[in-house]
Amino acid sequence: AGEIEAYLLFGIHGQQMDSVLNSLDFVRRLEVIPRLSFYSPVPGTRDFLDLQKTGVISDPLNLYETNKTYFTYVKSGLSAEEIKLVKDETLRIEENIVVKRWK
């Protein structure tokens with residue numbers, strides 16, 4: 001327990017909180033340490049072009065919109081409270097798994 005880590009892509013535009021929390025619960029039950037990988041749209045990719053087409057990302061591009069922190073807090077559709085909840089829950093799961101490993 002606690003020797004495997006899983007990266008969860010977080011902050012995708014339109015990502016639902018229940019989906020994120022279900023993923024965290026899944027890795028917790030497996031006793032896998034969750035790591036958040038914050039989404040950033042890469043220019044030229046299908047996701048990027050779709051986000052630009054729907055107006056989530058500006059055209060012409062504001063480079064801030066490709067920054068993973070900026071995108072998560074400003075463009076993902078998640079509130080600052082929801083983002084904090086996910087970060088706190090991720091840390092709580094990690095701490096509980098690490099404590100189990102040392103018992």
Could you check L49 against K53 for side chain to side chain contact (heavy atoms under 4.5 Å, CB included), going step by step and ending with a plain yes or no? CA-CA 6 Å; L49 296 172; K53 187 185 300 181; over 6 Å; no
Is [Y] close to [X] at the side-chain level, that is, under 4.5 Å between some pair of heavy atoms?
X	Y	value
T72	I83	yes
S37	L8	no
E31	E3	no
T69	F38	no
L61	D59	no
P34	E5	no
S40	N67	no
Y64	V74	no

What pairs meet the ring-ring contact (aromatic ring centres under 6.0 Å, His included) rule with one or both residues in residues 71-97, with sequence neighbours excluded? Y39-F71
For [X] against [Y], the heavy-atom pair lying closest together:
X	Y	value
S76	G11	CB-O, 3.2 Å
P41	E65	CG-O, 3.4 Å
L78	Q15	CD2-O, 3.6 Å

Given side chain to side chain contact (heavy atoms under 4.5 Å, CB included), test E94 with I97 step by step and report yes or no. CA-CA 5 Å; E94 176 187 1; I97 291 172; 6.0 Å; no
Calculate, to the nearest 0.5 Å, the distance between atoms [atom1] and [atom2] belonging to [X] and [Y] respectively.
X	Y	atom1	atom2	result
D50	I57	CG	CD1	10.0 Å
T90	E95	OG1	CD	11.0 Å
K87	E82	NZ	CD	14.0 Å

Membership question, hydrophobic clusters at under 4.5 Å side-chain separation (ILVMFWY): are [Y] and [X] in the same one?
X	Y	value
V98	L36	yes
Y7	V27	no
F10	L21	yes

Test side chain to side chain contact (heavy atoms under 4.5 Å, CB included) on M17 and V86 and set out the steps. CA-CA 8 Å; M17 278 297 292; V86 170; 3.6 Å; yes
Take atom CZ of R29 as the centre, draw a 6.0 Å sphere, and report whether it contains more than 12 heavy atoms from other residues, nucleotides or ligands. yes
Can you name the side chain to side chain contact (heavy atoms under 4.5 Å, CB included) partners of E89, sequence neighbours left out? L24, R92, I93
For the pair H13 (side chain) and K75 (backbone), establish whether a donor and an acceptor sit closer than 3.5 Å, ignoring hydrogens and angles.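 Yes, the answer is positive, given that a donor and an acceptor are paired below the 3.5 Å cut-off.
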